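Positions are given from 1 along the sequence. Everything numeric in this text was worked out from a predicted model, so none of it was measured.
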Amino acid sequence: MNDNPVWNRNEIESPCVRICVVHPEARICTGCYRTIDEIGRWSRMTPDERREVMADLPDRAATLTKRRGGRAARLKRG
């Protein structure tokens, strides 16, 4: 972490794990489980808003259906 006081802030860090793939139906990032809107607004959210999002993230993982092989697998399944 940078020791520069300008960059040391007392705020919730981003849940981004650098796997930025948006689920096509749910429109949720499959890496951090945030919505596109939440990702775009993250730097402007209040700490309370960020805490709310962070509290919701664990439940979102279960809502995403896993993709099974993409186009090639769909064609194979018929």
Nearest 0.5 Å, please: how far is [atom2] in [Y] from [atom1] in [X]?
{"X": "Met54", "Y": "Met45", "atom1": "CE", "atom2": "CE", "answer": "11.0 Å"}
{"X": "Thr35", "Y": "Leu57", "atom1": "OG1", "atom2": "CG", "answer": "9.5 Å"}
{"X": "Arg60", "Y": "Glu38", "atom1": "CZ", "atom2": "CD", "answer": "4.0 Å"}

Counterpart residues, side chain to side chain contact (heavy atoms under 4.5 Å, CB included), relative to [X] (two or more places apart):
{"X": "Cys32", "answer": "Pro15, Cys29, Arg34, Ile39"}
{"X": "Thr46", "answer": "Asp48, Glu49"}
{"X": "Arg27", "answer": "Val22, Ile36"}

Asp59: what forms a salt bridge (Lys or Arg N to Asp or Glu O under 4.0 Å) with it, not counting sequence neighbours? none
Nearest heavy-atom pair of Tyr33 and Ala61: which atoms, and what distance?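 For Tyr33 and Ala61, the tightest heavy-atom pair comes out as CZ-CB, 3.5 Å.
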